[in-house]
Amino acid sequence: MTRAKLIIKDSVLENKIFGNRFLLAWSITLFMFLVIISRLFYLQIINYQHYTTLSEDNRIKVVSILPSRGLIYDRNGVLLAKNRISYSLEVIPEKVKNHLAMETMLNDLQTIITITAEDIISFKKKLTQTRSFKTVLLRQKLTENEVAKLAVQHHRFPSIKIKQNQSRFYPLGSVGGHIIGYVGRINEQELKTINKSDYLNNNYIGKIGLEKYYETELHGKTGSQHVEINVRGRIIRTLKRTPAVAGKDLYLNVDIAFQNYIEQLISKYDAAAVVAIEPKTGGILALASTPNYDPNLFVNGIDHKTYASLLNSEFRPLLNRAIRGQYPPGSTIKPMVGLAGLEYGIRTARSRTWCRGWYRLKGHKHRYRDWKRYGHGSMNLHTAIEQSCDVYFYSLAHDLGIERLHTFMNRFGFGKKTGIDLTGELSGLMPSREWKRRVRKQYWYPGETIITGIGQGFMLATPLQLAVATATLSNRGTIRQPKIVFGMDDEKIGEMVIIQSSNLDVSIDLKQEYFWDSAIGGMKAVVHGKRGSARKIAKKSKYRFAGKTGTAQVISIKQNERYDAKKLAKKYHDHSLFIAFAPLNNPEIALSIIVENGGSGSKTAAPLAKKILDYYLLNTLSVYLSTKN
Amino acid sequence: MQNNWPQRKPLIFIDKYLFFSLVLLSCVGLIILYSASNQNTSLILRQIVRLLIGFIIMLSIAQMNLQKIISWIPWIYLIGVILLALVLIIGDSSKGAQRWLNLGLFRFQPSELMKITLPLMLAWYIGNKPLPPTYTRLLLAIIMIVIPVVLIFKEPDLGTSLLIASSGVFVILLAGMNWRLIASFVAVIVAFIPILWFYIMHEYQQNRVLTFLNPESDPLGAGYHIIQSKIAIGSGGLYGKGWLKGTQSQLQFLPERTTDFIFAVYSEEFGLMGILFLLMIYFFILTKGLYVALHAQDSFSRLLVGSLILTFFVYIFVNISMVTGLLPVVGLPLPLISYGGTSIVTLMAGFGLIMSVHTHRRFLSY
C-alpha cells in the first residue's frame, strides 16, 4: 500500500518535473533559434551591402589592357622612339600531362630552336613556383625566324605559347637623347603622383625629356577587363571589357639629321650645347648637349656600375646643358642692352662714347677693363656691337641703371623659363636690386650694374634662353615660345593636331621700329663688317647673316693681372659663346652656342655656328625647299 | 477506453510527420549539396546511398520494441567504452586525430556509436528509479558521462566529445536535477575553463578559439574560414543569389563547402528566406521530438527521446553558430545536410529510437 502510494506520488511528481523541464527546453531552443535568426538578420540584411562588396571583391578582378605607347618621329618622319616587340616562349604547365611528357617536349623543342641549359634550369625553378594554369617563361628574345618555326610546329606542342612583349627602343641611340629622354620603371615617388588605375600592370613611365613631358599623351589610356576568377585566380569568364586607347604619336620640329650633324660637330669638346630655333614658329630645330648618353641604357633598368660612371663622369653626360646649363651670357647680350639704351632714350643710334680701354665710376679707383687693352676709340651702337666694345656698354649700363636693365632684359626672356615642352628647364638669372636684397640680403652696388651690361656678374642664361632671345631679335620683337613637338597624331580623329604656342601674341614693341635695324645692323657687322669680331667666319659666305660673339669669364681677374689661358687650369678658361640668325632678311634659323671653357667666342663658337648655319641653309633647307617645290 | 486503441499491431511502426520532415530535410540537403560540390554527381549518389541506409536503419530500429532490449543497454555501453579505449590504442588516424577503428571490412568510428549509447545508458540508469535521482546516482551518472567524453576528447575530437557530454547532461537535466545543484555545477565548469585551456586543450583547439574571438587577426590562415563564410552568408541577403549562383561557393572561396560550412552555401544561394524555411523544418522536428518525449509512457523513454532530440538541436545550433561566427569553429556537421557518412547513420538511428518510442507506446502495458 505504502509502496503503491509512493509510486503514484512519484509518477505525479515525475510528470510535473517532465512537463516543466520539457517546456523549458522547448522555450530555450526557441530562444536559440531566434538568436540564430537575429544573427542572420544582422549578417544578411543589416550588413548586406558590406558583405556583397567583399564578395564582389573576392570574385572580380580587373585585368588591365595596356595601350601601346605613342611613337616619336622627327620633322621628316624619321622614327626616334618605338615600341620593340620581343617574343618569348612560354609553357602552360597544366597542359602538359606529366613529368615525362614535359621532358620529351623540352627535347623536341630543342630540335627546333636553341634552348640553353640555363634556360631549362630557370624554367624548372619557376615551374615549381607558379600555378599550373599560368604560363612559365622558357626562352626570351626569340628571333623572327624562331617564331616562324614555332608557329609552323605549334600543333605538336599544344602547351606552348608565344608571348609578345613591348619595350621602348630608341633606334638612334644617343642622337637626340637629351630631347627624347627615356622611359623607365615607375619608382615610389612617381607612384604617389600617378593615377594608379592608369598604370596597372604597366611598369614604365616617362622619366625625362619628351617622354616625361608628354607622358599623358604618349601613354594613352589603359583599358580594362573585369574578369571573374575563382579562389585559385583562374579566370572563369570576362564580365566587362573597355579597350585601351593607344598613345598619340609625336612629330617633332627637330630635324634629326641636323641634330646629328651638330652633335657630331660639338662632340670633340668636353662640354658644349647648341640650340637652333626656327624664328617664325619657335620650333626647335636642334637642341644638342654634349656629352650625351644612350637612353636605351635606362629602359630596362641600368646597372649600378654604368649608372655610377655616368653620374660621376667629370662632364656630367646626364645634364642637358641646353636647358639646364646656366652660364654668364657675356657679350652676346650686347645687342639687347643696346636696344634698351635706345628704347629708354639714354642713347641714340648716333650717340658716341669714347673708349680708352677702361671705364671708371666717378669717385672710384676701380677700372672696368675693356677686352681691348688700349681701347676702341669713339664708339656708337653699331660699332660697339660690331667690335664688342665693353666700355660703351659699361657706360650705357651705368646710365640705364639695373632696374631698367632688368626690366628690359626680362622682356627678352632672361631670368624666366621659356616654357619649352621639356621638363627640368632652368630659368637662369636676371639680377635686380630686389633680387639681391631678397636672396643675398645685400644692397646693390653700382659696379654690379656695370658688369651686368656685358653679361657678366650675377647674370646667368641657358643656351635655350639665348637662342630664344636671338630668335626674338631676328623677329623684331615677336616672341615665339620654343616648341619641340610640332604635332600629335590622334588616332581618334585620324589626323595630326598641331600644337599651338600659348603666348603667340606677346611681343616686344619698341618706340621706334628702326631701333631693331640698329641692333641687327650691329650684329650683321659682327660677321660682315671690316672690324667685326667674327668677321673671319663670313668670308665667302653664300648668304648674309647676323651674329654676336661672347666670351664669358669664369673667374674674376685681379686689377693688376691679365687673363692668360696658359696659366689657368682648363676649368677656369673662358666660355666661348655665339648667337646668330640667318639669312639676314628672312631668318630661317636662330641659334646659340656655348662651348664650356672653349676660349673666346670668335675663336671657337663662331666658326662652329657658321658650319651649322651652312649645313642648315645650304643642305637641309635647300633639300627641303626643292622637295616642296 | 479499450475501444479507442487499435485492435491489432500496425504493419509498420512509423511516425509519418517525423518521417516526411526528415525526407524533406534530406532533399533540401541533396539540392544544396549538388551546388556546394560544384555539381559533383558521384558525390551526390554516395550521399543518396548513405541517406537510404540511414532511413533503412531508422525504420528498422523503429520496428524494435525498446523494452525488449533494455537489459542489453549496460553491455552496449561497456562495449562502446572499450571500443573507444581501443581507438586510442590501435586506431587509424587521419588529419592528426585518431578516431577510426579499422575492422577489416570497414572503418568505424566508435564515438558515433557512443552518441546513441550514452543517452540509452543514462536514460536507463536514471529512468529505472524514481525521479528526481539521488545524489549517489547523479554522481555515478556523471562518471558514466565523463569516461567516454574524456576518451573521445583524447582522440582528439572536441566537437564530438562536447556533443556526447551534452547528450548526457540533457538526461540529467531532464530528470529533474535540482536547480541549485545545476548552478553549482555551472560554477565548477566555469572554474574549470582555465584548466581546460592551459592543460587539456591542444594548440590547434586553442587556435580555433582565438581565431573565433578575432578572425581578422589571421585572414589567410585560421580566420579564413570564418571570414569567407560570413561573406558568403551576408552577401546572400534576403532572397539569396540563387541556386548554383553563389559566387563564394561556386568559385570555391568558401572552404569545407560540402561538410561543416554547407550552411554558408545554403545561406548564400537561398538567403534569409531560405534559411527561415530550413529552420522551420528543424524546429518542427524538434518540437515533434519533444512532444514525443513528453508523451512517452515511462521515464526511460522520455529521458532517451529528450536527450536525443536536444542533442540534435545542439548539432544545428552549434553548426549554424560556428558558420555565422557566433561560436568558434568546432567540427560539427549540419544534420542531414552536410556530406558525411557516419553521422547520418547515427542520426537516423537516433530518430529510429524516437520513432520506436512513439509508435510502440500504445502497446505498452500498465
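Sequence lines set the chain letters: A, B, ... in the order given, protein chains first and strands last, and positions in each chain run from 1. For clarity, every value in this text was computed on a predicted model and none was experimentally measured.
Heavy-atom neighbours of A:Lys61 NZ from other residues, nucleotides or ligands within 6.0 Å: above the threshold of 12. Within a 6.0 Å sphere centred on NZ of A:Lys95, other residues, nucleotides and ligands contribute 12 heavy atoms or fewer. Atom NZ of B:Lys288 has more than 12 neighbouring heavy atoms from other residues, nucleotides or ligands inside a 6.0 Å radius.
Only the side chain of B:Gln248 comes within less than 4.5 Å of a heavy atom of chain A; its backbone N, CA, C and O stay farther away. Neither the backbone nor the side chain of B:Ala232 comes within contact range of chain A; no heavy atoms are under 4.5 Å apart. The contact between B:Leu290 and chain A is made by backbone and side chain atoms together, counting heavy-atom distances below 4.5 Å. Heavy atoms of B:Ile275 lying under 4.5 Å from chain A belong exclusively to its side chain. Contacts between A:Glu228 and chain B at a heavy-atom distance below 4.5 Å involve the side chain alone, from C-beta outward. The contact between B:Phe313 and chain A is made entirely by side chain atoms (from C-beta outward), counting heavy-atom distances below 4.5 Å. Both the backbone and the side chain of B:Leu174 come within contact range of chain A, judged by heavy atoms closer than 4.5 Å. For A:Ile236, the part sitting under 4.5 Å from any heavy atom of chain B is the side chain, from C-beta outward, and nothing else. Heavy atoms closer than 4.5 Å to chain A are found in the side chain of B:Leu276, but not in its backbone.
B:Ile231 contributes atom CD1, which lies 7.5 Å from atom NE2 of A:His50 (distance to the nearest 0.5 angstrom).
Residues A:Leu40 and B:Thr324 form a side-chain contact, since some pair of their non-hydrogen atoms from C-beta on lies under 4.5 Å apart. Considering only heavy atoms from C-beta on, B:Lys230 stays 4.5 Å or farther from A:Leu54 through its side chain.
Annotation: maximal heavy-atom pairing with chain B below 4.5 Å, among A:Asn20, A:Ile229, A:Thr53, A:Ile46, occurs at A:Ile229. Across B:Val314, B:Thr247, B:Leu238, B:Leu310, the residue that shares the most heavy-atom pairs under 4.5 angstrom with chain A is B:Thr247.
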task = Walk me through it: do A:Gln44 and B:Ile233 pass the test side-chain contact (heavy atoms from CB on, under 4.5 Å)?
result = CA-CA 6 Å; A:Gln44 298 192 293; B:Ile233 295 169; 3.7 Å; yes

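Pairs passing the side-chain hydrogen bond (donor to acceptor under 3.5 Å, both in side chains) check and including a residue from residues 231-240 of chain B, sequence neighbours excluded, read B:Ser235-B:Lys241.
When every heavy atom of B:Leu272 is checked against every heavy atom of A:Phe41, the shortest pair comes out as CD2-CD1, 4.0 Å. Taking all atoms of both residues into account, the shortest heavy-atom contact from B:Gly237 to A:Ile45 is C-CD1, 4.5 Å. Considering all non-hydrogen atoms of both residues, B:Ser299 and A:Phe18 come closest at OG-CE1, 3.9 Å.
Taking 4.5 Å as the heavy-atom cut-off, the residues of residues 21-39 of chain A that approach chain B are A:Arg21, A:Phe22, A:Leu24, A:Ala25, A:Trp26, A:Thr29, A:Leu30, A:Met32, A:Phe33, A:Val35, A:Ile36, A:Ile37, A:Arg39, ordered by number.
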